[in-house]
Amino acid sequence: MSMRDRNAWLKGGHSQCNERPASPLRRVRFVLLGAPGVGKGTQADLLARYFGACHLSTGDIFRAARAMNGSASRALQAALEFMKRGDLVPDETVLALVAERIGCLRCQGGFLLDGFPRTVAQAEALDVLLAGHQLQLDAAVSYELPLNKIVARLAGRRTCSACKKVYHLDQVGESEACVNCGGKLIQREDDRPESIRVRMKAFRQAAQPLAAYYESRHLLVSVPAEGAPEAVLQRTLDSLRIHS
Ligand code: AP5
């Protein structure tokens, strides 16, 4: 698996990344927290490039399973129904998928976990999994943004159906083609208003206990997610006291 090639993560391989961190002093293991649409995936991509770490998203696993058109396992098919409604997938299913991917968590460049953990039970299970491989989290970065701005980001999100690059309508206007590969830009199924409402409710229920969990371990770093993606990246690095 090469750097930022998320195939092993998506397929559930046990492969271990051969890439090295951008600097040996900078191997990072972060979880990224925050509401749907706050910009976790966008920041994970920028941070992955900055640190030479792997960007690992549980939502991506479910979307890849959906693209398999019915050939995914029964447990995954059931998970997709939760996702379609905007509900959280049961912990048991998510944890089994992450545990299968321990090779990716052992990536020498470190990792950025995007969208996992989402509950205290998942956070506890992640700690146990990492401890079993003598690994430790460095930080839980929590992105914060007012609800009206989150909704605007979600409503305008478009994703390339081929390379999965994420855009906002502000960037692409009326264009329906990906700048990266020419693929068709589509709106995510769970970005419809009825699913957004369910996702926000699920987030509100789980967010506070999860933040408290990481705060009690002195790992929580809150970062305002206002402004352009590069400004949020710089704010993240400043909050983590990382200087180039
Ligand atoms: P997942 O894919 O993880 O979705 P999410 O957490 O709802 O987060 P999003 O991907 O919607 O948003 P994001 O914060 O990454 O924002 P993005 O960078 O794209 O999960 C989907 C579903 O899978 C869940 O609902 C659940 O069912 C299931 N699931 C996944 N993990 C699970 C788990 N651990 N447990 C249980 N269930 C799980 O940005 C959004 C938009 O804003 C884009 O258009 C982007 O271009 C734009 N944008 C980003 N940053 C900026 C900025 N700074 N300024 C302006 N625009 C910006």
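Note that the structure is a prediction, hence the values are computed from the model and not measured.
Residues V98 and L88 are members of separate hydrophobic clusters, defined by side-chain heavy-atom contacts under 4.5 angstrom among Ile, Leu, Val, Met, Phe, Trp and Tyr. Side-chain heavy atoms closer than 4.5 Å link hydrophobic residues (I, L, V, M, F, W, Y) into clusters, and following such links, even through other members, never connects I150 to L169. Linking ILVMFWY side-chain heavy atoms closer than 4.5 Å, directly or via other members, places L137 and L113 in a single hydrophobic cluster. In the hydrophobic clustering of this structure, L185 does not group with L154; members are Ile, Leu, Val, Met, Phe, Trp, Tyr whose side-chain heavy atoms approach within less than 4.5 Å, directly or through other members. Cluster membership for V223 and I242, using ILVMFWY side-chain heavy atoms within less than 4.5 angstrom, is shared.
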>> With side-chain contact (heavy atoms from CB on, under 4.5 Å) as the criterion, how do V31 and L219 come out once you've worked through the C-alpha distance, each side chain's angles and the decisive distance to 0.1 Å?
In response: CA-CA 10 Å; V31 298; L219 289 172; over 6 Å; no
> Hey, mind stepping through C181 and C160 against side-chain contact (heavy atoms from CB on, under 4.5 Å) and telling me if it holds?
Replying inline: CA-CA 8 Å; C181 73; C160 173; 3.5 Å; yes
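A donor-acceptor contact shorter than 3.5 Å links the side chain of S161 to the backbone of K184. One N or O on the side chain of Q43 and one on the backbone of L233 form a donor-acceptor pair closer than 3.5 Å. Remark: side-chain polar atoms of W9 are paired, donor with acceptor, to backbone N or O of S57 under 3.5 angstrom. Using a distance-only test at 3.5 Å, with no hydrogens or angles considered, a donor-acceptor pair links the side chain of R235 to the main chain of P224. Judged by distance alone, the side chain of K201 and the main-chain N or O of D87 form no donor-acceptor pair under 3.5 Å. At least one donor-acceptor pair under 3.5 Å links the side chain of T58 to the backbone N or O of G115. In this structure, the side chain of R217 engages the main chain of Y213 through a donor-acceptor pair within 3.5 Å.
Residue E226 places its CD atom among more than 12 non-hydrogen atoms of other residues, nucleotides or ligands, all under 6.0 Å distant. Residue E144 places its CD atom among more than 12 non-hydrogen atoms of other residues, nucleotides or ligands, all under 6.0 Å distant. By the 6.0 Å contact criterion, CD on E176 is open, its count of non-hydrogen atoms from other residues, nucleotides or ligands being 12 or less. No more than 12 heavy atoms of other residues, nucleotides or ligands shown are found within 6.0 angstrom of NE2 on H218. Heavy-atom contacts from other residues, nucleotides or ligands closer than 6.0 Å to CD of Q136 number 12 or fewer.
Annotation: the span from L97 atom CG to F62 atom CZ amounts to 5.0 Å, rounded to 0.5 Å. In this structure, L47 CG and D114 CG are separated by 10.5 Å, a value rounded to the nearest 0.5 Å. Put simply, CD1 on I61 and CZ on R63 are 10.5 Å apart, with the number rounded to the nearest 0.5 Å. Remark: E124 CD to L95 CG distance equals 10.5 Å, nearest 0.5 Å. To the nearest 0.5 angstrom, H55 atom NE2 is 12.5 Å from C104 atom SG. How far CZ of R85 is from CG of L80: 11.5 Å, rounded to the nearest 0.5 Å.
When every heavy atom of L240 is checked against every heavy atom of A139, the shortest pair comes out as CD2-CB, 3.8 Å. Here the shortest heavy-atom pairing between K84 and D190 reads O-CB, 4.5 Å. Considering all non-hydrogen atoms of both residues, T159 and K164 come closest at CG2-O, 3.6 Å. Across all their heavy atoms, H168 and R153 have their closest contact at CD2-O, 3.4 Å. Nearest heavy-atom pair, K165 versus Y167, reported as atom, atom and distance to 0.1 Å: CD-OH, 3.4 Å. Closest heavy-atom contact between A53 and V28: CB-CG2, 4.4 Å.
Annotation: side chain of Q122 is not in contact with side chain of L126 (no heavy-atom distance under 4.5 Å). Side-chain atoms of P36 and I196, non-hydrogen and from C-beta on, never get closer than 4.5 Å to each other. Proximity of L56 to L105: side-chain heavy atoms (C-beta onward) are separated by under 4.5 Å at one or more points. For the pair R158/Q171, no side-chain contact is recorded, criterion being any heavy-atom separation below 4.5 Å from C-beta on. F82 has its side chain out of reach of V198: every pair of non-hydrogen atoms, C-beta onward, lies at least 4.5 Å apart. Annotation: side chain of F203 is not in contact with side chain of L210 (no heavy-atom distance under 4.5 Å). Put simply, the side chain of L112 does not reach to within 4.5 Å of the side chain of K40, judged on heavy atoms.
R199 and D191 are joined by a salt bridge, as a carboxylate oxygen and a charged side-chain nitrogen come within less than 4.0 angstrom of each other.
Both tests do not hold together for R118 against F116: distance to the six-membered ring centre under 6.0 Å, angle to the ring axis within 45°.
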